[in-house]
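Please read the structure below before turning to the comments.
Start at 1 with the first residue, then count along the sequence. Worth saying up front: this structure is predicted, and the values here are computed from it rather than measured.
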Amino acid sequence: MKFLYPLLVVCLFCQGLSAQDLPQQSYQLTKTRNEVQYKNYYLLTLFQQLPGLHKMLSTDTALNKFYNLKTAQVNEAVKTCKTDIACYARALKFTDAEITSIGNRLALLYTENNLLGSLVKNHLIPSGCYAMFAKEQHKTLLIKAWEQDAHAINYAIGVYVEGNKPNYPKIDSISFNLKDKEFAELTSANAWLALQNNKLFFEPAMLFALEALELNERNDATDYEPMAKGVNLAGINQIKKTDWKKYPYSVILVPGAGPEEKEVALSPGGMIRCRLAAIQYKKGAAPFIVVSGGRVHPYKTKFSEAYEMKKFLMETLQIPESAIIMEPHARHTTTNLRNCARLMFRYGIPVDKPGLACTVKSQSYYITDILLERCKKELGYYPYKNGKRLSDTESEFYLNTTSLQIDFDEPLDP
């Protein structure tokens, strides 16, 4: 279970915080060619991508000492671990003592006016990626962000190298048999590759985790990216021209419903949800339909719920592409709501205007009556607040910008 926090809505979470301590819709994420990296490990991505900070950390004596020790451990593992998968994982993962030691070093290096201080003020806070630490002192926020990213790396290695159970084993488990000699060989090669062409203290572990996800065909977080230049470009262009005063709701959210048969692209439930949403769109309830759902059911399916619903809306129900926003990463109803909040924020949709959740009766009542407490348990916060119930299939919701917080133990949809 993650840390539990009080009810936070839109930025009612931000009570007591000044404007400079809030997420900013104008902030542009610093991205990498591998979207899995910046989505899971945003602080570490900034350490890499900001030149001055990269130089500062790569030339620090204490952090270099850690890097050299880790490099020696991994080289030894490549020589001696052979078929012992856990041996490679131990060499690459961060120990609790290492996480604490590095955190202490970052705290010692931090000043409000140096590059680390600027990192917190100009990136960590406005990005919202560490929103659950927003009330902390800036130095503490930096350390907690580091701890989160380190634990995220350890989690990915634990599941996709060591074979630990993920939160949802039926859909997210490791793809390999741990006793397979080929997997041991691949893991050994991955450990060696993790040492190539890097200088920063965290890079071997991060690269090992990223490659483990790739080997398991678990780069789901990259699906359809960059969406703003592809599948959602028409919608984003329309957002810029939208007169929001004409609509009672910002978006119509359609949660996905994956089929259980491998060759079925769109489930009957997905079709019905789309039809319900199309009725509300044609009534003028909102200018956009957000279709939400990733490649979830069955295990390692090739079909994306969001993509197939978008196709159905366009081809069968004649909804224009400019009115549809795809959210192709959510793996559960909790993240249907959370990810919708993220896209609204990143795309400049008003977050203080209610949205309309449109789905079948059973799921609609689940969202209003049960889901919030599941969100608090699994995410650590409430990604939305219920508004009015309009019918058995439609209810209002208000989104919480704390949804921008990276989820460290869901690497397929962090």
Side-chain angles (χ1 to χ4, degrees), residues 1-25 27 29-30 37-47 49-50 53 57 94 96 98-156 202 206 334-335 338-339 341-342 345-346 351 375-384 399-411 413-414:
M1 182 185 299
K2 302 183 180 71
F3 299 105
L4 302 185
Y5 291 77
L7 178 60
L8 323 167
V9 179
V10 183
C11 230
L12 303 184
F13 161 79
C14 306
Q15 292 175 357
L17 295 178
S18 59
Q20 61 262 33
D21 288 326
L22 305 181
Q24 303 296 321
Q25 278 192 298
Y27 179 82
L29 290 170
T30 297
Q37 178 182 324
Y38 77 82
K39 288 186 176 183
N40 278 279
Y41 321 121
Y42 193 56
L43 172 67
L44 304 186
T45 294
L46 293 169
F47 282 169
Q49 299 296 314
L50 300 178
L53 201 53
L57 298 176
F94 298 104
D96 290 342
E98 288 170 343
I99 293 173
T100 299
S101 177
I102 292 169
N104 289 340
R105 184 59 183 171
L106 291 173
L108 191 63
L109 291 172
Y110 173 92
T111 69
E112 185 177 342
N113 297 316
N114 74 357
L115 290 170
L116 287 173
S118 176
L119 172 76
V120 176
K121 289 181 287 189
N122 297 331
H123 293 278
L124 300 192
I125 291 171
S127 72
C129 292
Y130 303 93
M132 291 173 76
F133 312 131
K135 291 189 176 182
E136 302 284 357
Q137 295 292 322
H138 287 189
K139 182 191 292 186
T140 304
L141 191 157
L142 171 66
I143 305 316
K144 288 186 176 294
W146 150 247
E147 292 171 349
Q148 176 178 300
D149 281 15
H151 287 302
I153 286 171
N154 283 356
Y155 183 88
F202 60 85
M206 184 182 73
T334 54
T335 46
R338 182 200 72 180
N339 291 0
R342 290 178 175 182
F345 189 85
R346 300 294 185 204
V351 294
C375 288
K376 186 173 78 169
K377 179 180 179 182
E378 296 183 14
L379 301 176
Y381 60 89
Y382 300 97
Y384 66 99
L399 293 171
N400 173 10
T401 55
T402 310
S403 296
L404 299 168
Q405 166 72 38
I406 294 171
D407 194 349
F408 83 94
D409 62 354
E410 287 290 341
D413 179 31

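A search for side-chain hydrogen bond (donor to acceptor under 3.5 Å, both in side chains) contacts involving N154 returns nothing, not counting sequence neighbours. Annotation: salt bridge (Lys or Arg N to Asp or Glu O under 4.0 Å) contacts of E136 (sequence neighbours excluded): none.
The two atoms that bring L106 and L116 nearest to each other are O-CD1, 3.8 Å, heavy atoms only. Between C129 and R346 the shortest heavy-atom distance is SG-NH2, 4.1 Å. Across every non-hydrogen atom of Q405 and R342, the tightest pair is O-NH2, 2.7 Å. Closest non-hydrogen pair, N40 versus A152, comes out as O-CB, 4.4 Å. Residues A341 and L399 approach most closely at CA-CD1, 3.5 Å, considering heavy atoms. Contact between C375 and T334 at its shortest, heavy atoms only, is SG-CG2, 3.6 Å.
Residue S118 holds its OG atom at 8.0 Å from CG of L50, rounded to the nearest 0.5 Å. Distance check, rounded to the nearest 0.5 Å: CZ of F47 to OH of Y41 gives 15.0 Å. Atom NZ of residue K39 and atom CG of residue L29 lie 9.5 Å apart, to the nearest 0.5 angstrom. Atoms CD1 and CZ, on I153 and F202 in that order, are 7.5 Å from each other to the nearest 0.5 Å. Within the model, atoms CG of L404 and CD of Q25 stand 9.0 Å from one another, a figure rounded to the nearest 0.5 Å. How far CD of Q148 is from CG of L44: 10.0 Å, rounded to the nearest 0.5 Å.
No close placement of the H151 and F94 rings is indicated, their centers lying 6.0 Å or farther apart.
Looking only at distances, no side-chain donor or acceptor of D409 sits under 3.5 Å from a matching main-chain atom of Y155. At least one donor-acceptor pair under 3.5 Å links the side chain of W146 to the backbone N or O of I99. Under the 3.5 Å distance criterion, the side-chain polar atoms of N400 are left unmatched by any main-chain donor or acceptor of S403. Checking side-chain atoms of E378 against main-chain N and O of K376 turns up no donor-acceptor pair under 3.5 Å. With hydrogens and angles disregarded, no donor-acceptor distance shorter than 3.5 Å links the side chain of Y42 to the backbone of I406. Judged purely by atom type and a 3.5 angstrom limit, K121 uses its side chain to pair as donor or acceptor with the backbone of E112.
Side-chain atoms of Q49 and Q37 include no donor-acceptor pair closer than 3.5 Å.
Atom CD of Q137 sits in a sparse spot, with 12 or fewer heavy atoms from other residues, nucleotides or ligands closer than 6.0 Å.
Put simply, the side chain of D413 reaches to within 4.5 Å of the side chain of R338, judged on heavy atoms. In this structure, L43 and L142 have side chains that are in contact, with non-hydrogen atoms separated by less than 4.5 Å. In this structure, Y110 and V120 have side chains that are in contact, with non-hydrogen atoms separated by less than 4.5 Å. You'll find the side chain of I143 stays beyond 4.5 Å of the side chain of F133, heavy atoms only. Side-chain contact between D149 and T45 is absent, with no heavy-atom pair separated by less than 4.5 Å.
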Going through the checks in order, is the side-chain contact (heavy atoms from CB on, under 4.5 Å) test met by L124 and L46?
CA-CA 9 Å; L124 300 192; L46 293 169; 3.8 Å; yes
Should N339 and T335 be marked as a side-chain hydrogen bond (donor to acceptor under 3.5 Å, both in side chains) after you check the CA-CA gap, both sets of side-chain angles, and the distance that decides it?
CA-CA 5 Å; N339 291 0; T335 46; 4.8 Å; no
